[in-house]
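Working notes for the structure below.
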Amino acid sequence: MSHLYSKYQTEAISWLSAPLFSLDQQYALISVTLDAGGDYENDVALLLERHQGRWRPRRIVQQ
């Protein structure tokens with residue numbers, strides 16, 4: 001969350017998709033809707049990479 005907060009100044013997630021995993025299970029793609037307050041929402045897709053047993057953001061793609 002701190003990574004998302006530093007980029008988008010929000011801690012509120014209003015929607016989170018189920019992950020889509022790569023065949024080798026080392027990458028996952030998720031879609032997140034961030035609620036920035038009021039009528040403003042920001043949709044992003046996150047590419048996550050598994051590193052030492054933990055998922056880390058590798059790339060943020062703004063939609």
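- Here Trp15 pairs with Ser17, Ser31, Thr33 under the side-chain contact (heavy atoms from CB on, under 4.5 Å) rule; sequence neighbours left out.
- Leu48 is connected to Val32 through a chain of hydrophobic side-chain contacts under 4.5 Å among Ile, Leu, Val, Met, Phe, Trp and Tyr, so both are in one cluster.
- The two residues Gln25 and Trp55 come nearest to each other via the heavy atoms O-CH2, 3.6 Å.
- Annotation: side-chain contact (heavy atoms from CB on, under 4.5 Å) contacts of Arg54 (sequence neighbours excluded): Arg56.
- By the salt bridge (Lys or Arg N to Asp or Glu O under 4.0 Å) test, Arg58 is found to be paired with Glu49, residues two or more places apart in sequence or in another chain being considered.
- Connection of Leu16 to Phe21 is established within a shared hydrophobic cluster, with ILVMFWY side chains joined at heavy-atom distances below 4.5 Å, either directly or through further cluster members.
- Separating the CG atom in Leu46 from the CD1 atom in Ile30 is a distance of 4.5 Å, to the nearest 0.5 Å.
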